[in-house]
Asker: 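The following block contains the structure, expressed as structure tokens.
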Amino acid sequence: MDKNDLQERMINFAVRIIKMVDSMPNSISGTAIARQIVRSGTSPSANYRAACIAKSDKDFVNKLKMVEEELDETSHWLTLIMRSEMMKPSRIQPLHQECCELLSIIVKSIVTTKNRMKTEEMEKQRK
């Protein structure tokens, strides 16, 4: 997957989170969770964008770790919304699925980059 494609998916995910939050119930719990998920669900796109212009592999991995944490937190809030039936689970499930797919892509990117960094370090030591 091209980084521009992933950036676009991240932005689309953030937009979907914003639209979901705007339709959440206006209750004490709805407002509290809405504030949490609007933050955690929109920050991955900004953090991924920052990762794409990272100054080094280490910087790239650190920024991707932030994306991973925010997506994981968003997954938590989406699960809570579904289980509490705050919104219809059938409406939230596709958004949760996209969150899990994005999280999987980010984790694989972190692992791949770390493995490449380790290989490069081993090659430097051999020389």
Side-chain angles (χ1 to χ4, degrees):
M1 172 175 286
D2 177 89
K3 75 176 181 179
N4 292 328
D5 292 339
L6 190 52
Q7 274 185 330
E8 192 62 27
R9 275 183 78 174
M10 291 282 186
I11 290 169
N12 289 338
F13 179 74
V15 168
R16 290 171 67 191
I17 290 289
I18 290 167
K19 289 180 178 182
M20 181 204 71
V21 165
D22 286 345
S23 66
M24 286 181 69
N26 190 15
S27 62
I28 293 170
S29 59
T31 300
I33 292 172
R35 288 178 195 270
Q36 294 290 328
I37 199 168
V38 77
R39 182 197 52 76
S40 70
T42 57
S43 69
S45 64
N47 287 323
Y48 182 73
R49 184 179 176 124
C52 289
I53 59 167
K55 305 296 182 235
S56 66
D57 284 342
K58 186 175 179 181
D59 188 32
F60 178 72
V61 168
N62 287 336
K63 286 176 171 49
L64 285 187
K65 290 296 286 177
M66 289 188 283
V67 175
E68 177 188 15
E69 289 172 14
E70 295 296 337
L71 286 169
D72 183 64
E73 181 181 338
T74 302
S75 176
H76 165 76
W77 293 121
L78 290 169
T79 299
L80 193 59
I81 291 166
M82 287 187 291
R83 287 199 188 161
S84 68
E85 297 182 351
M86 188 175 291
M87 296 180 77
K88 287 186 177 187
S90 61
R91 181 170 177 206
I92 303 304
Q93 185 55 43
L95 190 55
H96 187 257
Q97 179 64 35
E98 177 68 354
C99 184
C100 292
E101 287 178 16
L102 291 170
L103 182 56
S104 177
I105 291 166
I106 294 302
V107 168
K108 286 177 185 172
S109 294
I110 291 168
V111 169
T112 299
T113 305
K114 282 183 171 181
N115 286 341
R116 185 172 40 77
M117 289 167 59
K118 192 180 289 184
T119 300
E120 288 172 359
E121 185 61 32
M122 289 170 53
E123 287 175 6
K124 281 183 186 178
Q125 290 175 357
R126 285 187 210 149
K127 292 181 180 182

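Nothing fancy with the numbering, it's 1 onward along the sequence.
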Asker: Taking the side chain as every heavy atom from C-beta outward, state whether E8 and N4 have any atom pair closer than 4.5 Å.
Answerer: no

Asker: How close do M86 and G30 get, counting heavy atoms only, and between which atoms?
Answerer: SD-CA, 3.8 Å

Asker: Side-chain heavy atoms nearer than 4.5 Å, only ILVMFWY residues, links allowed to pass through others: does that put V67 and M117 together?
Answerer: yes

Asker: List the atom of S75, the atom of C99, and the distance in Å for their closest heavy-atom pair.
Answerer: N-SG, 3.7 Å

Asker: Check this for me: does any side-chain nitrogen of one of K65 and E68 sit under 4.0 Å from a carboxylate oxygen of the other?
Answerer: yes

Asker: Determine whether I105 and M66 fall in the same hydrophobic cluster, where Ile, Leu, Val, Met, Phe, Trp and Tyr are linked whenever their side-chain heavy atoms lie under 4.5 Å apart.
Answerer: no

Asker: When rounded to the nearest 0.5 angstrom, what distance separates CD in E85 from CD1 in I92?
Answerer: 12.0 Å

Asker: Keeping the roles fixed (side chain from T74, backbone from G41), state whether a donor-acceptor pair exists under 3.5 Å.
Answerer: yes

Asker: With a 4.5 Å cut-off on side-chain heavy atoms, are R16 and P94 touching?
Answerer: yes

Asker: Quick check: is V21 connected to I11 through a chain of hydrophobic side chains (ILVMFWY, heavy atoms under 4.5 Å apart)?
Answerer: no

Asker: Take atom CZ of R116 as the centre, draw a 6.0 Å sphere, and report whether it contains more than 12 heavy atoms from other residues, nucleotides or ligands.
Answerer: yes

Asker: Would you say the side chain of L71 lies within less than 4.5 Å of the side chain of M10, judging by non-hydrogen atoms?
Answerer: yes

Asker: Quick one: are Q97 and Q93 in side-chain contact, heavy atoms under 4.5 Å?
Answerer: yes

Asker: Apply side-chain contact (heavy atoms from CB on, under 4.5 Å) to E98 and N12, showing your working.
Answerer: CA-CA 10 Å; E98 177 68 354; N12 289 338; over 6 Å; no

Asker: Would you say CG of N26 has more than 12 non-hydrogen atoms from neighbouring residues, nucleotides or ligands within 6.0 angstrom?
Answerer: no

Asker: Would you check, one step at a time, whether the test side-chain contact (heavy atoms from CB on, under 4.5 Å) holds for H76 with S40?
Answerer: CA-CA 10 Å; H76 165 76; S40 70; over 6 Å; no

Asker: Quick one: does L102's side chain get under 4.5 Å of P44's, heavy atoms only?
Answerer: no

Asker: Verify side-chain contact (heavy atoms from CB on, under 4.5 Å) between I18 and D22, making sure each step is shown before the conclusion.
Answerer: CA-CA 6 Å; I18 290 167; D22 286 345; 4.0 Å; yes

Asker: Is any NZ, NE, NH1 or NH2 atom of the basic residue among D5 and R9 found under 4.0 Å from an Asp or Glu carboxylate oxygen of the other?
Answerer: no

Asker: Check whether any side-chain heavy atom of L80 sits under 4.5 Å from a side-chain heavy atom of I37, and report yes or no.
Answerer: no

Asker: Would you be so kind as to tabulate the donor-acceptor pairs closer than 3.5 Å made by side chains of residues 46-53, with sequence neighbours excluded?
Answerer:
unit_1 : atom_1 : unit_2 : atom_2 : d
N47    : ND2    : S43    : O      : 3.4

Asker: Counting only N and O atoms by type, is there a donor-acceptor contact under 3.5 Å from the side chain of S23 to the main-chain atoms of M20?
Answerer: yes

Asker: Identify the two heavy atoms, one from I106 and one from L6, that lie closest to each other, and give their separation to 0.1 Å.
Answerer: CD1-CD2, 4.1 Å

Asker: Within this structure, what is the CG-NZ distance for the pair D57 and K114, rounded to the nearest 0.5 Å?
Answerer: 12.5 Å

Asker: Any non-hydrogen side-chain atom of Q36 less than 4.5 Å from a side-chain atom of R39?
Answerer: yes

Asker: Got a second to check how far K108's NZ is from T113's OG1, nearest 0.5 Å?
Answerer: 14.0 Å

